[in-house]
K.L.:
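Below is one structure. I have some questions about it.
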Amino acid sequence: EVQLLESGGGLVQPGGSLRLSCAASGLTFVNYAMSWVRQAPGKGLEWVSSISITGDTTNYADSVKGRFSISRDNSKKTLYLQMNSLRAEDTAVYYCATLAIWGTTGDYWGQGTLVTVSS
Amino acid sequence: QSVLTQPPSAAGTPGQRVTISCSGSSSNIGTNFAYWYRQLPGTAPKLLIYRNNQRPSGVPDRFSGSKSGTSASLAISGLRSEDEADYYCAAWDDSLSGVVFGGGTKLTVL
């Protein structure tokens with residue numbers, strides 16, 4: 001069974017930093033491009049960032065470009081999202097996912113981790 | 001304001017067929033595949049349709065997708081109460097070099 005387990009969410013003050021992790025199991029991690037998608041409370045889905053299989057190609061939404069950094073450790077089967085200069089509008093549930101849009105045969109999502117940016 | 005435009009709500013009665021639209025542009029749906037997700041309250045999204053009209057294994061054939069020009073559609077036939085959920089379309093956008101989602105459509109089964 002495929003499992004994507006996010007961690008690292010929590011309450012942080014505006015301007016602060018947080019690092020999210022996503023531990024993968026039940027799939028060949030190195031075969032999947034990985035993504036972060038977020039959902040603000042009561043709102044729709046917003047793609048945040050994606051990283052290629054090898055990690056040499058990354059993409060970011062304009063809303064987080066220059067503040068967030070995506071990375072992966074294939075030896076640990078783990079995806080990361082470093083979030084700096086956090087704003088109130090970054091408050092959301094953050095999901096890690098293997099989006100089918102990257103041409104993979106599987107589309108898997110974690111259960112999400114809540115990030116709250118508030119003073 | 002989402003790059004892909006969906007109606008905020010849709011409704012139907014059990015057994016009915018409903019269609020949800022997703023309007024984009026030449027830089028996303030017009031040149032790339034459309035994807036559809038369903039999200040039940042408090043859970044992660046689940047893929048319903050990929051590459052415009054393909055169903056992942058396990059997704060009933062009551063769900064079908066289509067694309068025409070810069071728009072895509074999701075059709076649900078034989079509507080059931082458990083189909084009540086939020087539905088999202090998605091696509092790659094060449095201009096933004098990123099994934100774009102629709103704003104979501106809340107489907108109510110009356």
Side-chain angles (χ1 to χ4, degrees), chain A residues 1-6 9 20 22 24 27 32-52 57-66 68 70 79 81 89 92-114, chain B residues 1-9 20 22 24 27-29 31-59 65 67 72 85-107:
Chain A
E1 180 193 5
V2 174
Q3 280 197 324
L4 299 175
L5 188 61
E6 302 96 337
L20 305 183
C22 171
L27 78 168
Y32 291 87
M34 297 296 297
S35 301
W36 290 98
V37 177
R38 68 184 181 184
Q39 186 170 35
K43 302 297 183 181
L45 302 173
E46 180 188 15
W47 170 78
V48 174
S49 180
S50 294
I51 187 168
S52 63
T57 301
T58 57
N59 302 88
Y60 298 92
D62 287 344
S63 58
V64 306
K65 203 170 291 183
F68 289 13
I70 190 172
L79 174 72
L81 185 67
E89 54 264 36
V93 172
Y94 285 73
Y95 296 100
C96 73
T98 65
L99 300 177
I101 205 166
W102 291 105
T104 58
T105 55
D107 187 285
Y108 306 108
W109 294 62
Q111 85 291 343
T113 186
L114 177 62
Chain B
Q1 191 79 5
S2 302
V3 173
L4 302 181
T5 301
Q6 298 180 235
S9 64
I20 298 172
C22 175
S27 64
N28 41 66
I29 293 179
T31 51
N32 297 304
F33 293 120
Y35 298 76
W36 288 93
Y37 290 88
R38 176 170 76 175
Q39 186 179 34
L40 298 171
T43 69
K46 174 189 173 182
L47 183 69
L48 287 179
I49 298 290
Y50 67 100
R51 295 191 176 184
N52 301 334
N53 55 19
Q54 302 299 301
R55 282 188 310 276
S57 61
V59 174
K67 188 181 99 166
D86 293 324
Y87 292 82
Y88 295 91
C89 59
W92 176 262
D93 190 291
D94 292 334
S95 296
L96 298 174
S97 294
V99 179
V100 290
F101 283 95
T105 298
K106 184 175 185 61
L107 176 63

K.L.:
If you measure from OG1 on A/Thr98 to CG on B/Leu47, what distance do you get to the nearest 0.5 Å?
P.N.:
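Between atom OG1 of A/Thr98 and atom CG of B/Leu47 there are 9.5 Å.
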K.L.:
Once you round to the nearest 0.5 Å, how far does CG of B/Asp86 lie from CG of A/Leu45?
P.N.:
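B/Asp86 atom CG to A/Leu45 atom CG measures 8.5 Å (nearest 0.5 Å).
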K.L.:
Could you check if a side-chain atom of B/Pro56 sits within less than 4.5 angstrom of a side-chain atom of A/Asp107, using non-hydrogen atoms only?
P.N.:
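Contact flag for B/Pro56/A/Asp107 side chains = no.
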K.L.:
Counting heavy-atom pairs under 4.5 Å to chain A, which of B/Arg51, B/Gln39, B/Lys46 comes out on top?
P.N.:
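Top option by heavy-atom pairs under 4.5 Å: B/Gln39.
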K.L.:
Can you tell me which of B/Gly103, B/Gly104, B/Ser97 forms the most heavy-atom pairs within a distance under 4.5 Å of chain A?
P.N.:
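Top count of heavy-atom pairs under 4.5 Å with chain A: B/Ser97.
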K.L.:
Does atom NZ of A/Lys65 have more than 12 heavy-atom neighbours, drawn from other residues, nucleotides or ligands, at distances under 6.0 Å?
P.N.:
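Enclosed: over 12 neighbouring heavy atoms sit under 6.0 Å from NZ of A/Lys65.
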K.L.:
Examine whether an atom of B/Ser57 lies under 4.5 Å from a heavy atom of chain A, and if so say whether it belongs to the side chain, the backbone or both; otherwise answer neither.
P.N.:
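Neither part.
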K.L.:
Using non-hydrogen atoms and a 4.5 Å limit, figure out which bit of B/Tyr88 sits close to chain A: side chain, backbone, both or neither.
P.N.:
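For B/Tyr88, side-chain heavy atoms alone lie under 4.5 Å from chain A.
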K.L.:
So which atom in A/Gly110 and which in B/Ala44 form the shortest heavy-atom distance, rounded to 0.1 Å?
P.N.:
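In terms of heavy atoms, the two residues are closest at O-CB, 3.3 Å.
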K.L.:
Less than 4.5 Å to any heavy atom of chain B: does that hold for the side chain of A/Ala61, its backbone, both, or neither?
P.N.:
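Nothing of A/Ala61, per the 4.5 Å heavy-atom cut-off to chain B.
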K.L.:
Tell me which one of B/Tyr50, B/Tyr37, B/Trp92 satisfies side chain to side chain contact (heavy atoms under 4.5 Å, CB included) with A/Leu99.
P.N.:
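Testing A/Leu99 for a side chain to side chain contact (heavy atoms under 4.5 Å, CB included) against B/Tyr50, B/Tyr37, B/Trp92 leaves exactly one candidate, B/Tyr37.
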K.L.:
Most heavy-atom pairs under 4.5 angstrom with chain B, which of A/Trp102, A/Tyr60, A/Tyr108?
P.N.:
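So the answer, after comparing A/Trp102, A/Tyr60, A/Tyr108, is A/Trp102.
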K.L.:
Where does A/Val37 contact chain B at under 4.5 Å (heavy atoms): side chain, backbone, both or neither?
P.N.:
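Side chain only.
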